[in-house]
Amino acid sequence: MPELPEVETVRAGLAARVVGRTVADVDVLHPRAVRRQAGGAAELVARVRGRTVTAAVRRGKYLWLTLGTDAAAPPDEALLAHLGMSGQLLVQEPDEARDGGVGAPDGSAVAAFLAPPGERPVDLTATQPPTLVRTIPATTAHLRVRLRFADGGQLWFVDQRTFGHLMAATTVPTDDGAPGGYGSDAPVLPGPVAHIARDLLDPALDRTALVRRTRARVTEVKRALLDQGLVSGVGNIYADEALWRSRLHGTRRTDRLPVAGLRTLFDDAAAVMREALAVGGTSFDALYVDVEGAAGYFARSLAVYGRAGMPCPRCSAPVRREQFMNRSSYSCPRCQRRPPV
DNA sequence: CATATCCCCTGCGGGC
DNA sequence: TGCCCGCAGGGGATAT
(Lines give C-alpha, C1' and ligand atoms only; values in the text may rest on other atoms or scores of the structure.)
Protein backbone atom coordinates (compact mmCIF):
# COMPACT_ATOMS: atom_id res chain seq x y z
CA MET A 1 0.00 0.00 0.00
CA PRO A 2 2.45 2.58 -1.12
CA GLU A 3 1.77 6.09 0.09
CA LEU A 4 3.98 9.09 -0.49
CA PRO A 5 7.15 7.85 1.26
CA GLU A 6 7.09 4.51 -0.54
CA VAL A 7 6.41 6.09 -3.92
CA GLU A 8 9.18 8.61 -3.34
CA THR A 9 11.59 5.77 -2.63
CA VAL A 10 10.62 4.24 -5.96
CA ARG A 11 11.01 7.59 -7.70
CA ALA A 12 14.51 8.04 -6.30
CA GLY A 13 15.42 4.60 -7.54
CA LEU A 14 14.14 5.35 -11.02
CA ALA A 15 16.05 8.64 -11.05
CA ALA A 16 19.23 6.79 -10.19
CA ARG A 17 18.85 3.82 -12.48
CA VAL A 18 16.51 4.57 -15.35
CA VAL A 19 17.02 8.21 -16.32
CA GLY A 20 19.13 8.46 -19.46
CA ARG A 21 18.09 5.10 -20.81
CA THR A 22 16.25 4.63 -24.06
CA VAL A 23 13.23 2.37 -24.32
CA ALA A 24 13.76 -0.16 -27.07
CA ASP A 25 10.44 -1.92 -26.63
CA VAL A 26 7.52 -2.49 -24.29
CA ASP A 27 5.71 -5.73 -23.56
CA VAL A 28 2.25 -5.40 -22.07
CA LEU A 29 1.52 -8.73 -20.44
CA HIS A 30 -1.79 -7.88 -18.79
CA PRO A 31 -4.33 -5.53 -20.37
CA ARG A 32 -5.66 -4.30 -17.05
CA ALA A 33 -2.33 -2.67 -16.29
CA VAL A 34 -2.94 -0.22 -19.14
CA ARG A 35 -6.72 0.10 -18.78
CA ARG A 36 -6.59 3.90 -18.55
CA GLN A 37 -4.75 4.17 -21.82
CA ALA A 38 -7.01 5.24 -24.66
CA GLY A 39 -6.06 2.95 -27.52
CA GLY A 40 -4.82 0.29 -25.15
CA ALA A 41 -1.49 -1.48 -25.15
CA ALA A 42 -0.70 -0.72 -28.78
CA GLU A 43 -1.03 3.00 -28.14
CA LEU A 44 1.18 2.88 -25.07
CA VAL A 45 3.86 0.91 -26.85
CA ALA A 46 3.83 3.22 -29.84
CA ARG A 47 4.22 6.31 -27.69
CA VAL A 48 6.98 5.01 -25.43
CA ARG A 49 9.10 2.97 -27.81
CA GLY A 50 12.24 4.76 -28.87
CA ARG A 51 11.96 7.51 -26.26
CA THR A 52 14.66 8.40 -23.74
CA VAL A 53 13.82 8.85 -20.06
CA THR A 54 14.82 12.34 -18.96
CA ALA A 55 13.53 12.49 -15.38
CA ALA A 56 11.60 10.60 -12.71
CA VAL A 57 8.97 12.84 -11.15
CA ARG A 58 6.40 12.39 -8.40
CA ARG A 59 3.35 14.19 -7.13
CA GLY A 60 1.58 12.55 -4.21
CA LYS A 61 1.28 8.86 -5.04
CA TYR A 62 1.62 9.35 -8.79
CA LEU A 63 4.96 9.15 -10.51
CA TRP A 64 6.04 9.55 -14.09
CA LEU A 65 9.03 9.24 -16.35
CA THR A 66 9.38 12.19 -18.68
CA LEU A 67 10.18 11.17 -22.22
CA GLY A 68 12.52 13.58 -23.96
CA THR A 69 13.68 14.35 -27.40
CA ASP A 70 15.00 17.89 -27.04
CA ALA A 71 16.78 18.37 -23.72
CA ALA A 72 16.06 22.12 -23.65
CA ALA A 73 12.31 22.01 -24.07
CA PRO A 74 9.89 20.95 -21.31
CA PRO A 75 8.90 17.33 -21.77
CA ASP A 76 5.73 16.96 -23.79
CA GLU A 77 5.18 13.32 -23.04
CA ALA A 78 5.48 11.07 -20.00
CA LEU A 79 5.02 7.48 -18.93
CA LEU A 80 2.67 7.83 -15.98
CA ALA A 81 2.48 5.22 -13.22
CA HIS A 82 0.34 4.59 -10.19
CA LEU A 83 1.29 1.66 -7.98
CA GLY A 84 -2.20 1.17 -6.59
CA MET A 85 -1.85 -0.93 -3.51
CA SER A 86 0.55 -3.63 -4.60
CA GLY A 87 2.49 -2.24 -7.54
CA GLN A 88 6.27 -2.42 -7.80
CA LEU A 89 8.74 -1.08 -10.33
CA LEU A 90 11.76 -3.34 -10.52
CA VAL A 91 14.95 -2.63 -12.44
CA GLN A 92 16.94 -5.42 -13.93
CA GLU A 93 20.44 -4.76 -15.13
CA PRO A 94 21.54 -6.32 -18.41
CA ASP A 95 23.44 -9.20 -16.84
CA GLU A 96 20.45 -10.03 -14.70
CA ALA A 97 17.76 -9.72 -17.31
CA ARG A 98 16.33 -12.86 -18.83
CA ASP A 99 14.38 -12.36 -21.99
CA GLY A 100 11.23 -14.44 -21.95
CA GLY A 101 10.10 -13.41 -25.40
CA VAL A 102 7.53 -11.00 -26.69
CA GLY A 103 4.32 -10.82 -24.70
CA ALA A 104 0.88 -11.05 -26.19
CA PRO A 105 -0.85 -7.67 -25.91
CA ASP A 106 -4.07 -9.25 -24.71
CA GLY A 107 -2.30 -10.85 -21.78
CA SER A 108 -3.21 -14.33 -22.86
CA ALA A 109 0.35 -15.49 -22.63
CA VAL A 110 1.17 -14.25 -19.19
CA ALA A 111 2.10 -17.65 -17.92
CA ALA A 112 4.68 -18.04 -20.65
CA PHE A 113 6.57 -15.02 -19.45
CA LEU A 114 6.98 -15.69 -15.79
CA ALA A 115 10.45 -15.02 -14.58
CA PRO A 116 12.54 -18.13 -14.17
CA PRO A 117 13.61 -19.00 -10.63
CA GLY A 118 16.76 -17.30 -9.50
CA GLU A 119 16.10 -14.05 -11.30
CA ARG A 120 17.69 -11.17 -9.48
CA PRO A 121 15.88 -7.89 -9.97
CA VAL A 122 16.60 -4.78 -7.99
CA ASP A 123 13.67 -4.02 -5.73
CA LEU A 124 13.38 -0.27 -5.76
CA THR A 125 10.32 -0.35 -3.58
CA ALA A 126 12.26 -1.86 -0.72
CA THR A 127 15.57 -0.08 -0.73
CA GLN A 128 17.21 3.28 -0.87
CA PRO A 129 18.82 2.93 -4.26
CA PRO A 130 21.15 1.81 -5.45
CA THR A 131 22.19 -0.11 -2.41
CA LEU A 132 20.86 -3.62 -2.51
CA VAL A 133 20.14 -6.35 -4.98
CA ARG A 134 18.03 -9.19 -3.75
CA THR A 135 15.99 -12.01 -5.17
CA ILE A 136 12.25 -11.56 -5.21
CA PRO A 137 10.67 -14.96 -5.54
CA ALA A 138 7.00 -14.12 -5.16
CA THR A 139 6.50 -10.79 -6.89
CA THR A 140 7.78 -11.82 -10.29
CA ALA A 141 4.71 -13.99 -10.68
CA HIS A 142 2.67 -10.84 -11.29
CA LEU A 143 4.69 -9.20 -14.02
CA ARG A 144 2.29 -6.93 -15.93
CA VAL A 145 4.43 -4.69 -18.13
CA ARG A 146 8.06 -4.93 -19.13
CA LEU A 147 10.11 -2.09 -20.58
CA ARG A 148 13.21 -3.22 -22.40
CA PHE A 149 15.95 -0.65 -22.67
CA ALA A 150 18.35 -0.37 -25.57
CA ASP A 151 21.26 -1.23 -23.27
CA GLY A 152 19.71 -4.56 -22.29
CA GLY A 153 18.36 -3.47 -18.93
CA GLN A 154 14.68 -3.81 -18.11
CA LEU A 155 12.07 -2.12 -15.99
CA TRP A 156 9.31 -4.37 -14.70
CA PHE A 157 5.90 -3.28 -13.52
CA VAL A 158 4.79 -6.00 -11.13
CA ASP A 159 1.37 -5.76 -9.51
CA GLN A 160 -0.42 -8.55 -7.69
CA ARG A 161 -3.80 -6.91 -7.16
CA THR A 162 -3.87 -4.89 -10.38
CA PHE A 163 -5.07 -1.64 -8.86
CA GLY A 164 -2.05 0.08 -10.32
CA HIS A 165 -1.62 1.16 -13.92
CA LEU A 166 0.69 2.65 -16.52
CA MET A 167 -0.14 5.02 -19.33
CA ALA A 168 1.52 7.31 -21.81
CA ALA A 169 0.25 10.84 -21.36
CA THR A 170 0.75 14.28 -22.82
CA THR A 171 1.91 16.91 -20.36
CA VAL A 172 0.10 20.15 -19.54
CA PRO A 173 1.44 23.29 -17.83
CA THR A 174 1.00 23.65 -14.08
CA ASP A 175 -1.51 26.31 -13.14
CA ASP A 176 0.97 28.13 -10.86
CA GLY A 177 4.09 27.91 -13.01
CA ALA A 178 5.93 25.89 -10.37
CA PRO A 179 7.43 22.48 -11.08
CA GLY A 180 4.87 19.78 -11.72
CA GLY A 181 6.29 17.47 -9.12
CA TYR A 182 9.34 16.42 -7.18
CA GLY A 183 12.26 15.36 -9.38
CA SER A 184 12.08 17.90 -12.18
CA ASP A 185 12.05 21.67 -12.51
CA ALA A 186 9.80 21.57 -15.56
CA PRO A 187 6.49 23.36 -14.88
CA VAL A 188 4.44 20.59 -16.47
CA LEU A 189 2.69 17.43 -15.42
CA PRO A 190 0.78 14.66 -17.18
CA GLY A 191 -2.75 15.72 -18.06
CA PRO A 192 -4.41 12.80 -16.24
CA VAL A 193 -2.94 14.01 -12.92
CA ALA A 194 -3.68 17.69 -13.35
CA HIS A 195 -6.49 17.32 -10.80
CA ILE A 196 -4.14 15.86 -8.18
CA ALA A 197 -3.19 18.47 -5.59
CA ARG A 198 0.36 19.20 -4.52
CA ASP A 199 1.55 17.01 -1.69
CA LEU A 200 2.75 17.95 1.79
CA LEU A 201 6.44 17.58 0.91
CA ASP A 202 6.17 19.76 -2.20
CA PRO A 203 8.14 23.01 -1.77
CA ALA A 204 5.60 24.78 -3.97
CA LEU A 205 2.68 23.81 -1.73
CA ASP A 206 0.77 26.82 -0.43
CA ARG A 207 -0.01 25.75 3.12
CA THR A 208 -2.12 28.76 3.93
CA ALA A 209 -4.30 28.13 0.91
CA LEU A 210 -4.52 24.46 1.82
CA VAL A 211 -5.83 25.26 5.29
CA ARG A 212 -8.29 27.75 3.82
CA ARG A 213 -9.57 25.27 1.24
CA THR A 214 -9.87 22.57 3.87
CA ARG A 215 -11.93 24.75 6.19
CA ALA A 216 -14.14 25.71 3.28
CA ARG A 217 -15.14 22.10 2.94
CA VAL A 218 -18.02 20.55 4.79
CA THR A 219 -16.81 17.05 5.45
CA GLU A 220 -14.98 14.91 7.97
CA VAL A 221 -11.31 15.65 8.48
CA LYS A 222 -10.11 12.15 7.59
CA ARG A 223 -11.99 12.27 4.31
CA ALA A 224 -10.26 15.57 3.61
CA LEU A 225 -6.83 14.10 4.39
CA LEU A 226 -7.48 11.25 1.97
CA ASP A 227 -8.84 13.48 -0.81
CA GLN A 228 -6.04 13.64 -3.35
CA GLY A 229 -7.68 16.63 -4.98
CA LEU A 230 -7.25 18.64 -1.80
CA VAL A 231 -3.82 17.45 -0.73
CA SER A 232 -2.09 14.39 -2.14
CA GLY A 233 0.14 11.63 -0.87
CA VAL A 234 -1.71 10.73 2.32
CA GLY A 235 -3.27 7.27 2.54
CA ASN A 236 -5.12 5.41 5.26
CA ILE A 237 -2.07 4.63 7.35
CA TYR A 238 -0.47 8.04 7.52
CA ALA A 239 -3.86 9.68 7.89
CA ASP A 240 -4.48 7.71 11.07
CA GLU A 241 -0.98 8.44 12.37
CA ALA A 242 -1.32 12.17 11.67
CA LEU A 243 -4.73 12.35 13.36
CA TRP A 244 -3.31 10.58 16.40
CA ARG A 245 -0.42 13.03 16.65
CA SER A 246 -2.87 15.91 16.42
CA ARG A 247 -5.27 14.31 18.90
CA LEU A 248 -8.12 14.57 16.42
CA HIS A 249 -10.80 12.02 15.68
CA GLY A 250 -11.24 11.43 11.95
CA THR A 251 -14.91 12.37 12.00
CA ARG A 252 -14.25 15.92 13.20
CA ARG A 253 -15.77 18.41 10.77
CA THR A 254 -13.27 20.38 8.71
CA ASP A 255 -15.36 23.55 8.78
CA ARG A 256 -15.36 23.54 12.57
CA LEU A 257 -11.64 23.00 13.11
CA PRO A 258 -9.53 26.01 14.07
CA VAL A 259 -6.90 27.19 11.63
CA ALA A 260 -4.09 26.38 14.04
CA GLY A 261 -5.38 22.85 14.53
CA LEU A 262 -5.47 22.18 10.81
CA ARG A 263 -2.04 23.66 10.33
CA THR A 264 -0.70 21.36 13.00
CA LEU A 265 -2.47 18.39 11.45
CA PHE A 266 -0.84 18.97 8.08
CA ASP A 267 2.52 19.49 9.81
CA ASP A 268 2.03 16.21 11.63
CA ALA A 269 1.14 14.41 8.41
CA ALA A 270 4.23 15.81 6.71
CA ALA A 271 6.40 14.85 9.68
CA VAL A 272 5.22 11.27 9.84
CA MET A 273 5.81 10.84 6.13
CA ARG A 274 9.28 12.39 6.37
CA GLU A 275 10.15 10.02 9.18
CA ALA A 276 8.97 7.04 7.16
CA LEU A 277 10.93 8.22 4.15
CA ALA A 278 14.06 8.59 6.26
CA VAL A 279 14.04 4.88 7.05
CA GLY A 280 13.63 3.85 3.45
CA GLY A 281 9.94 4.31 2.85
CA THR A 282 8.15 1.49 4.55
CA SER A 283 5.24 -0.37 3.12
CA PHE A 284 3.03 -2.47 5.31
CA ASP A 285 1.87 -4.85 2.64
CA ALA A 286 2.47 -8.54 3.18
CA LEU A 287 4.35 -8.70 -0.10
CA TYR A 288 6.81 -6.18 1.14
CA VAL A 289 7.36 -8.07 4.33
CA ASP A 290 8.01 -11.21 2.34
CA VAL A 291 10.51 -9.45 0.16
CA GLU A 292 12.33 -8.02 3.11
CA GLY A 293 11.97 -11.11 5.20
CA ALA A 294 11.03 -8.89 8.10
CA ALA A 295 8.57 -6.20 9.07
CA GLY A 296 9.42 -2.80 7.61
CA TYR A 297 11.30 -0.42 9.81
CA PHE A 298 8.59 2.17 10.04
CA ALA A 299 6.05 -0.37 11.19
CA ARG A 300 7.80 -0.19 14.54
CA SER A 301 7.10 3.52 14.68
CA LEU A 302 3.36 3.26 14.18
CA ALA A 303 1.39 4.60 17.10
CA VAL A 304 -2.09 3.35 16.25
CA TYR A 305 -2.42 1.93 12.74
CA GLY A 306 -3.11 -1.80 12.85
CA ARG A 307 -2.73 -1.83 16.62
CA ALA A 308 -6.27 -2.42 17.86
CA GLY A 309 -6.31 -3.30 21.54
CA MET A 310 -2.68 -2.35 22.08
CA PRO A 311 -1.83 0.56 24.36
CA CYS A 312 -1.72 4.10 23.05
CA PRO A 313 1.94 5.19 23.26
CA ARG A 314 0.81 8.44 24.85
CA CYS A 315 -1.77 7.42 27.43
CA SER A 316 -1.87 3.61 27.37
CA ALA A 317 -5.57 3.39 26.59
CA PRO A 318 -6.26 0.46 24.25
CA VAL A 319 -6.32 1.55 20.60
CA ARG A 320 -9.76 1.28 19.03
CA ARG A 321 -10.59 0.13 15.54
CA GLU A 322 -13.60 1.55 13.73
CA GLN A 323 -15.16 1.05 10.32
CA PHE A 324 -14.87 4.17 8.24
CA MET A 325 -15.37 4.65 4.52
CA ASN A 326 -15.46 0.87 4.11
CA ARG A 327 -12.04 0.49 5.66
CA SER A 328 -10.47 0.44 9.09
CA SER A 329 -9.53 3.45 11.14
CA TYR A 330 -7.40 3.26 14.26
CA SER A 331 -7.34 5.84 17.01
CA CYS A 332 -6.93 6.35 20.72
CA PRO A 333 -10.29 6.55 22.49
CA ARG A 334 -8.88 8.83 25.17
CA CYS A 335 -6.58 11.13 23.15
CA GLN A 336 -8.93 11.42 20.19
CA ARG A 337 -12.43 12.11 21.43
CA ARG A 338 -15.17 11.46 18.96
CA PRO A 339 -17.11 14.65 18.23
CA PRO A 340 -20.76 14.83 19.29
CA VAL A 341 -23.20 13.72 16.62
C1' DC B 1 -20.74 21.95 -8.01
C1' DA B 2 -19.50 19.40 -3.79
C1' DT B 3 -19.63 15.38 -1.43
C1' DA B 4 -20.49 10.30 -0.78
C1' DT B 5 -20.66 5.56 -2.27
C1' DC B 6 -19.48 1.75 -5.25
C1' DC B 7 -16.39 -1.25 -7.29
C1' DC B 8 -12.30 -2.81 -9.71
C1' DC B 9 -8.77 -7.29 -8.10
C1' DT B 10 -6.05 -11.05 -5.73
C1' DG B 11 -4.31 -13.58 -1.77
C1' DC B 12 -4.61 -14.69 2.82
C1' DG B 13 -6.37 -15.77 7.38
C1' DG B 14 -10.15 -17.12 10.24
C1' DG B 15 -14.41 -19.45 11.11
C1' DC B 16 -17.30 -23.25 10.41
C1' DT C 1 -9.93 -30.71 4.71
C1' DG C 2 -11.95 -27.21 2.25
C1' DC C 3 -14.99 -23.58 1.31
C1' DC C 4 -16.72 -18.98 2.11
C1' DC C 5 -16.36 -14.65 3.88
C1' DG C 6 -14.13 -10.48 5.21
C1' DC C 7 -10.33 -7.72 4.67
C1' DA C 8 -6.62 -5.03 2.56
C1' DG C 9 -6.16 -0.73 -0.48
C1' DG C 10 -6.46 4.00 -4.23
C1' DG C 11 -9.15 6.43 -6.94
C1' DG C 12 -12.10 6.65 -11.17
C1' DA C 13 -16.87 6.29 -12.20
C1' DT C 14 -21.22 6.98 -10.83
C1' DA C 15 -24.82 8.56 -7.74
C1' DT C 16 -26.90 11.91 -4.68
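All values below were derived from every heavy atom in this structure, side-chain atoms included, with hydrogens, water molecules and symmetry-related copies excluded. Lettering of chains follows the sequences in order, A, B, ..., and the numbering in each one begins at 1.
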Exercise. Under 3.5 Å, is there a donor-acceptor pair between the T214(A) and T254(A) side chains?
Worked result: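 There is no such pair (donor and acceptor under 3.5 Å, judged by atom type) between the side chains of T214(A) and T254(A).
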Problem set entry | Short side-chain donor-acceptor distance under 3.5 Å, R247(A) and T264(A) |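 Not at all, the side chains of T264(A) and R247(A) share no donor-acceptor pair under 3.5 Å.
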For this session: Could you check V23(A), V91(A), D25(A), T22(A) and say which one makes a side chain to side chain contact (heavy atoms under 4.5 Å, CB included) with F149(A)?
Result: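 Testing F149(A) for a side chain to side chain contact (heavy atoms under 4.5 Å, CB included) against V23(A), V91(A), D25(A), T22(A) leaves exactly one candidate, V23(A).
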When you measure from the side chain of [X], which nucleotide among [options] comes out closest?
{"X": "T219(A)", "options": "dT3(B), dG10(C), dC7(C)", "result": "dT3(B)"}
{"X": "R217(A)", "options": "dT3(B), dT10(B), dC7(C)", "result": "dT3(B)"}
{"X": "Q228(A)", "options": "dG11(C), dA8(C), dG11(B)", "result": "dG11(C)"}

What is the separation between atom [atom1] on [X] and atom [atom2] on [N], rounded to the nearest whole Å?
{"X": "H142(A)", "N": "dT10(B)", "atom1": "NE2", "atom2": "P", "answer": "10 Å"}
{"X": "Q323(A)", "N": "dG6(C)", "atom1": "CD", "atom2": "P", "answer": "11 Å"}
{"X": "I196(A)", "N": "dG12(C)", "atom1": "CD1", "atom2": "P", "answer": "5 Å"}
{"X": "K222(A)", "N": "dT3(B)", "atom1": "NZ", "atom2": "P", "answer": "19 Å"}
{"X": "L225(A)", "N": "dG11(C)", "atom1": "CG", "atom2": "P", "answer": "14 Å"}
{"X": "Q88(A)", "N": "dG11(B)", "atom1": "CD", "atom2": "C1'", "answer": "14 Å"}
{"X": "D255(A)", "N": "dA2(B)", "atom1": "CG", "atom2": "C1'", "answer": "13 Å"}
{"X": "D227(A)", "N": "dA2(B)", "atom1": "CG", "atom2": "P", "answer": "11 Å"}

For this session: Determine, stepwise, if the pair L243(A) / H249(A) fulfils side chain to side chain contact (heavy atoms under 4.5 Å, CB included).
Result: CA-CA 7 Å; L243(A) 290 164; H249(A) 192 272; over 6 Å; no
OP1 or OP2 of [N] less than 4.0 angstrom from a side-chain nitrogen or oxygen of [X], does that happen here?
{"X": "H82(A)", "N": "dG11(C)", "value": "yes"}
{"X": "R253(A)", "N": "dT3(B)", "value": "no"}
{"X": "H165(A)", "N": "dG12(C)", "value": "no"}
{"X": "Y238(A)", "N": "dG10(C)", "value": "no"}

Are any protein N/O atoms closer than 3.5 Å to N/O atoms in nucleotides 5-9 of chain B? If there are, list each pair with its distance.
from, atom 1, to, atom 2, distance (Å)
dT5(B), OP2, R223(A), NH2, 2.9

Exercise. When all nucleic acid strands are considered with a 4.0 Å heavy-atom cut-off, which category describes G164(A): base, sugar-phosphate, or nothing?
Worked result: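 Nothing, no nucleic acid heavy atom in range.
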For this session: Starting from the C-alpha separation in whole Å, work towards a yes-or-no answer on salt bridge (charged side-chain N to carboxylate O under 4.0 Å, His left out) for D267(A) and R207(A).
Result: CA-CA 9 Å; D267(A) 286 347; R207(A) 292 174 163 267; 2.7 Å; yes
For this session: List the steps, then state whether salt bridge (charged side-chain N to carboxylate O under 4.0 Å, His left out) holds for K222(A) with D240(A).
Result: CA-CA 8 Å; K222(A) 183 169 178 180; D240(A) 278 3; 2.6 Å; yes
Problem set entry | Short side-chain to backbone donor-acceptor contact, R59(A) and I196(A), under 3.5 Å |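 Such a contact is found between R59(A) side chain and I196(A) backbone.
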